[in-house]
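Structure, as structure tokens:
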Amino acid sequence: MDVTTLAVALIGVGGTLGGALGGALLSQRVTREQNRRADRERAEDRHDRAQEARRDLYARLNTTARAYRVAARDAVHAAERGESVGPAVLDAAKEAWAEQYSLAQMALPKDVHQIASTLNRALGVGYSVVKQLPSGPDRAEAYDRAKEWFSGPLSDGVYLLRVTLRHDLGVEVQPGFAHTRPQMLSALDSERRSLERLLA
């Protein structure tokens with residue numbers, strides 16, 4: 001066998017092995033890239049599902065807070081007009097809020113939870129206000145206080161929750177909100193404590 005034939009054979013074998021090795025390396029690279037892309041897509045999908053679940057939770061929390069406040073306010077107006085106020089609507093609104101608040105406690109970030117927790121206490125005081133409305137002749141002050149609570153501090157508290165939830169979702173970013181939020185929260189808490197003292 002001459003040298004040329006041997007060289008051609010070695011080059012042929014080397015080319016075949018090199019091609020096979022290069023093909024295998026290229027295939028591994030393509031597979032890795034496909035795996036990375038699939039991992040990214042799965043992560044994005046998980047993020048999107050989590051964001052959607054959070055939006056749904058926040059929407060339900062906002063809806064039940066508003067419904068609870070409105071049911072209590074309407075009960076005050078009905079009682080003031082002398083209409084009989086059945087507890088079913090208010091109690092259903094209270095239970096719906098309690099259920100959503102309970103679910104939300106497991107998922108809310110700390111600052112959002114602080115708002116929801118303060119509002120929860122304020123709504124509870126509102127419930128007490130309705131249940132303690134007097135039926136006697138000297139009731140004007142109690143009704144005025146109840147109407148002021150539901151249209152003032154408690155309405156502001158529900159608004160604060162809504163804006164906080166929207167802010168956390170990135171839907172509504174208000175400049176300076178991080179500065180005004182603690183002030184609004186403190187005002188709601190202070191009003192709640194004052195009302196609790198009056199009710200006691």
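What you see below is based on every heavy atom in this structure, not just the backbone, and it leaves out hydrogens, waters and symmetry mates. As the structure is a computational prediction, the values presented were derived from the model and not from experiment.
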What's the spacing between [X] [atom1] and [Y] [atom2] if we round to 0.5 Å?
{"X": "Thr118", "Y": "Leu188", "atom1": "OG1", "atom2": "CG", "result": "6.5 Å"}
{"X": "Leu61", "Y": "Leu103", "atom1": "CG", "atom2": "CG", "result": "9.5 Å"}
{"X": "Asp156", "Y": "Ser151", "atom1": "CG", "atom2": "OG", "result": "9.0 Å"}
{"X": "Leu195", "Y": "Leu199", "atom1": "CG", "atom2": "CG", "result": "4.5 Å"}
{"X": "Arg69", "Y": "Asp74", "atom1": "CZ", "atom2": "CG", "result": "9.0 Å"}
{"X": "Leu165", "Y": "Arg54", "atom1": "CG", "atom2": "CZ", "result": "9.5 Å"}

query = How far apart are the C-alpha atoms of Leu169 and Gln51, what are their side-chain angles, what is the distance that settles it, and do they pass the side-chain contact (heavy atoms from CB on, under 4.5 Å) test?
reply = CA-CA 8 Å; Leu169 288 171; Gln51 190 73 350; 4.2 Å; yes

Taking all atoms of both residues into account, what is the closest heavy-atom pair of [X] and [Y], and its distance?
{"X": "Tyr58", "Y": "Asp168", "answer": "OH-OD2, 2.6 Å"}
{"X": "Ile115", "Y": "Leu161", "answer": "CG2-CA, 3.8 Å"}
{"X": "Val158", "Y": "Leu119", "answer": "N-CD1, 3.9 Å"}
{"X": "Ala142", "Y": "Leu133", "answer": "O-CD2, 4.1 Å"}
{"X": "Trp149", "Y": "Arg192", "answer": "CH2-CA, 3.7 Å"}
{"X": "Glu148", "Y": "Pro153", "answer": "O-CD, 3.3 Å"}

Considering only heavy atoms from C-beta outward, does the side chain of [X] approach that of [Y] to under 4.5 Å?
{"X": "Gln114", "Y": "Lys110", "result": "no"}
{"X": "Gln100", "Y": "Leu57", "result": "yes"}
{"X": "Val129", "Y": "Arg145", "result": "no"}
{"X": "Pro87", "Y": "Lys131", "result": "yes"}
{"X": "Leu123", "Y": "Lys94", "result": "no"}

query = Given the rule in the side-chain contact (heavy atoms from CB on, under 4.5 Å) test, do Ser194 and Arg197 qualify, once you have shown the distances and angles that lead to the verdict?
reply = CA-CA 5 Å; Ser194 295; Arg197 284 192 295 271; 3.3 Å; yes

query = Is it true that Arg60 and Glu99 have a side-chain N and a carboxylate O under 4.0 angstrom from each other?
reply = no

query = Listed by chain and number, what are the side-chain contact (heavy atoms from CB on, under 4.5 Å) partners of Ala96, not counting sequence neighbours?
reply = Thr64

task = Please report the C-alpha distance between Val70 and Arg73 in whole Å, then the side-chain angles of each, then the deciding distance to 0.1 Å, and finally whether the side-chain contact (heavy atoms from CB on, under 4.5 Å) criterion is met.
result = CA-CA 5 Å; Val70 168; Arg73 183 201 63 197; 3.7 Å; yes

request  = Give the C-alpha distance, both sets of side-chain angles, the deciding distance and a yes or no for salt bridge (Lys or Arg N to Asp or Glu O under 4.0 Å) between Lys147 and Glu80.
outcome  = CA-CA 10 Å; Lys147 289 186 294 187; Glu80 187 180 32; 3.0 Å; yes

query = Does the Thr63 side chain pair with the main chain of Ala59, one donor and one acceptor, at a distance under 3.5 Å?
reply = yes

key: Those residues that, when tested against Tyr101, pass ring-ring contact (aromatic ring centres under 6.0 Å, His included) (two or more places apart)   = Trp97

key: Arg66 atom CZ: more than 12 heavy-atom contacts under 6.0 Å   = no

